[in-house]
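The shown structure was predicted, so the numbers you read here are calculated from the model rather than taken from an experiment. Computed over heavy atoms, backbone and side chain alike; hydrogens, waters and symmetry mates excluded. Below, chains carry the letters A, B, ... as their sequence lines are ordered, and counting in each starts from 1.
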Amino acid sequence: MDEEPERAKRWEGGYERTCCVSSFPGLLWNMFHPQGGVCVFSHGQVRLGMMRHVYVVIDCSRSMEDQDLKPNRLTSTLKLMEVFVDEYFDQNPISQVGIITTKNKRAEKLTDLAGNPKKHITALKKAVDTVCVGEPSLYNSLNLAIQTLKHMPGHTSREILIILSSLTTCDPANIYELIKTLKSLKVRVSVIGLSAEVRVCTVLTRETGGSYHVILDESHFKELLMLHIKPPPASSSSECSLIRMGFPQHTIASVTDQDAKPSFSMSHLDSSSGPGLSLGGYLCPQCHATYTELPVECKVCGLTLVSAPHLARSFHHLFPLQAFVESPVENLQGDRFCQACQAELKDKSMFSCPSCHSVFCVECDLFIHESLHCCPCCIYCQTVP
Amino acid sequence: MASEDEINLLVIVVDVNPIWWGQQAQRDPQFTLSKCMDAVMVMGNAHMAMARTNKLAVIASHCQGSHFLYPSKSWSGEDGGGNDVSSSGDGKYELLSAANNLIVEEIRNIMSKIEVTGNSTDTLLAGSLAKALCYIHRLTKELEVGQEIKSRILVVKAAEDCALQYMNFMNVIFAAQKQNILIDACVLDSDSGLLQQACDITGGLYMKIPQKVALAQYLLWVFLPDSEQRSQLVLPPPAHVDYRAACFCHRNLIEIGYVCSVCLSIFCNFSPICTTCE
């Protein structure tokens, strides 16, 4: 066990005059926007892990029935998890998520690692009725996650996110040994605490390279969850390799076509509900099995099937938009209008793009960096010789 | 009937690439840019006349920038001094005639003042669509309590696609999909793969017009109804969208390829080192 010097806690240090110490609790890359709201800046040119396998461990012990989050911690967590799953697949379409719950000193899988958000959301909705009893077990849940994660290929990122509300954990063996195993398997564990900071979690996240935060309230909880949606920087030891993928064509056939042959969709073989025979769909280029939606791993031949827009969704992580420069409005001569939404610049500050020097208002700056990921005026500057 | 508090916003993005329109005027003098703007104005007037709460915006997409034709920065709707501008001789609803006059004046300014550099016949729609999304976002923020807004974008495209704008275009499409904004496309000349993808992903309509002269007719019959009414109409069937990716080495469309796990570049043959990111 490495004996790294730990940061001394405030009550362990000596007396100091707090008025002279800046206590701004900034997270590494967040900055509070002067108009309110949070502005997130990009990582810069860092290699990111695009194909992610994330296991989310949800604590279902007795402390989850506490009502400090409305209506109780478990319901609030499950609702936020649904939002997390939607956003996660929106930002990382070729990644997978699995959910594990832990209670009564045991851990069990709620859903397996899968790339389809619907399965996870139905499982989360059903889990609202679970009875919260007993103590959680960090060791068992981590062990359960490792069983699957260790078989994942080396170029993908392996992550575990633990939502822990209890201050205790009941482990059948030495958890520090398990931490060593996690480190050797290159699994990144992050924890979101709902009650208070627990030392074993601090050590766990520090050794594996993850992050540990404790929530202040529900909106802070949501913010912390959303932090895990962005792809993490890839560790330098992860291999870079080319993965074989298929780009199927979408065929739409009608009954009047002579060549139209109805077929079963392979993705619905396991479920009793859902459409049976269909005329169109996505055909796997290798084995011609039919699927109704992408992305999916072909059950017949094992080829990962995606469409080009799915890969394009991740591009803005790789080529992030640079931050705009803030300056006071008085510097602008002539008409004071935002060049994106045509609104008059009424606030004290305006934002200009470093490449094309166009001027934008506060709202457009937030919108461009959060949703649009491209400057509306830069594209014209690229083509002018 | 739509409730009083629901605002329907239509943003029309018109491709006014002067080189393409110049060539078009020589090919077919019957259909010129002014005829196209007439058709667009008819569509805009019809949309505003459908309900009192409907709103309109028109953006002209030039090869060197995009400009808002309506509403214009220098004009505010409640301005009482616009009497001579808004009073129309033929008894037309003042808002419509004011809008028409503004659009005509602005497009005249744009086409005469901007000097064309280069001879690209490509059209850079991504920037205009991004500005349209920012405008819609601003109007959504300016709503009063209890009001709802439904927006859609109609693109009238003339010239061909420009391959440089693929990434910006895809970003714009995903942003529109997230905000539930439909993108419809009315294509005059050559098919556009980017717009087909945009319409497919956001749930809008894509149509290549067989006869350019009848543009106003197609706009009114196909693109005027909003998304709720479209379920009750028989509209042109969706086009077959090609979602295959193009490999980075030869730019061929491939069905099975090799994707780098770090930078997501696509190659048609396996190699141990990715040439983009190594």
Side-chain angles (χ1 to χ4, degrees), chain A residues 47-51 90 94 155-156 234 238-252 285-286 294 303 306-309 311-316 318-319 335 337-344 360-361 363-364 367-368 371-380 382-385, chain B residues 63-66 68 71-73 117-118 120 122 124 126-128 130-131 133-135 137-139 141 162 164-168 170-175 178-179 197 201 237-238 240-246 254-264 266-267 270-274 277-278:
Chain A
R47 273 172 49 160
L48 302 173
M50 288 286 133
M51 306 184 62
D90 188 55
I94 48 179
H155 55 75
T156 57
S238 66
E239 310 143 21
C240 154
S241 61
L242 299 190
I243 308 150
R244 199 151 174 269
M245 287 191 180
F247 299 95
Q249 289 267 42
H250 191 193
T251 52
I252 312 169
Q286 202 164 243
L294 298 178
L303 185 65
V306 295
S307 64
L311 296 180
R313 264 184 215 275
S314 309
F315 282 159
H316 68 87
L318 298 166
F319 307 106
D335 281 338
F337 286 98
C338 165
Q339 283 180 318
C341 65
Q342 313 293 303
E344 216 179 312
F360 302 106
C361 64
E363 290 289 341
C364 286
F367 179 64
I368 288 173
S371 306
L372 214 46
H373 303 292
C374 64
C375 167
C377 304
C378 268
I379 187 164
Y380 294 103
Q382 285 170 11
T383 49
V384 172
Chain B
C63 42
Q64 274 146 306
S66 46
F68 271 79
S72 158
K73 295 195 274 257
T117 55
S120 61
D122 302 338
L124 293 169
S128 320
K131 283 196 183 178
L133 285 181
C134 289
Y135 180 75
H137 176 76
R138 168 191 147 208
L139 283 196
K141 289 264 164 167
C162 173
L164 287 175
Q165 56 176 338
Y166 175 73
M167 215 154 60
N168 287 345
M170 296 310 283
N171 281 332
V172 166
I173 295 175
F174 296 135
K178 225 167 167 191
Q179 312 261 324
Q197 286 191 27
I201 292 178
H240 172 72
V241 189
D242 197 351
Y243 276 127
R244 286 179 298 174
I254 45 174
E255 284 200 325
I256 300 184
Y258 295 89
V259 179
C260 170
S261 55
V262 170
C263 65
L264 295 183
I266 307 169
F267 301 100
F270 183 81
S271 71
I273 302 177
C274 162
C277 67
E278 281 133 40

query = Does the pair B:Lys131 and B:Phe68 meet the rule for a side-chain contact (heavy atoms from CB on, under 4.5 Å), with working shown?
reply = CA-CA 9 Å; B:Lys131 283 196 183 178; B:Phe68 271 79; 4.2 Å; yes
request  = Kindly indicate, with the supporting measurements, whether the criterion side-chain contact (heavy atoms from CB on, under 4.5 Å) is fulfilled by B:Tyr258 and A:Met245.
outcome  = CA-CA 6 Å; B:Tyr258 295 89; A:Met245 287 191 180; over 6 Å; no
message = With side-chain contact (heavy atoms from CB on, under 4.5 Å) as the criterion, how do B:Glu255 and A:Phe247 come out once you've worked through the C-alpha distance, each side chain's angles and the decisive distance to 0.1 Å?
response = CA-CA 5 Å; B:Glu255 284 200 325; A:Phe247 299 95; 5.6 Å; no
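Considering only heavy-atom pairs separated by less than 4.5 Å from chain B, the leading option among A:Ala343, A:Ser371, A:Cys361 is A:Ala343. Across A:Gln249, A:His373, A:Glu363, the residue that shares the most heavy-atom pairs under 4.5 angstrom with chain B is A:Gln249. Interface summary for chain A: among B:Ala175, B:Cys134, B:Ala130, the most heavy-atom pairs under 4.5 angstrom belong to B:Cys134. Listed options B:Ser128, B:Ala126, B:Gly127 were ranked by heavy-atom pairs under 4.5 angstrom with chain A; first place goes to B:Gly127.
Proximity to chain A is limited to the side chain of B:Gln197, based on heavy atoms less than 4.5 angstrom apart. No part of B:Leu139 comes within reach of chain A, as not one of its non-hydrogen atoms sits under 4.5 angstrom from that chain. For B:Ile173, no part lies under 4.5 angstrom from a heavy atom of chain A.
Below 30°, between 30° and 60°, or above 60°: for B:His137 and A:Phe367 the angle between ring planes is below 30°, a parallel geometry.
The distance from atom CD1 of A:Ile368 to atom CG of B:Asn171, rounded to the nearest 0.5 Å, is 12.0 Å. Atom CZ in B:Phe174 sits 12.5 Å away from atom CG in A:Leu372 (nearest 0.5 Å).
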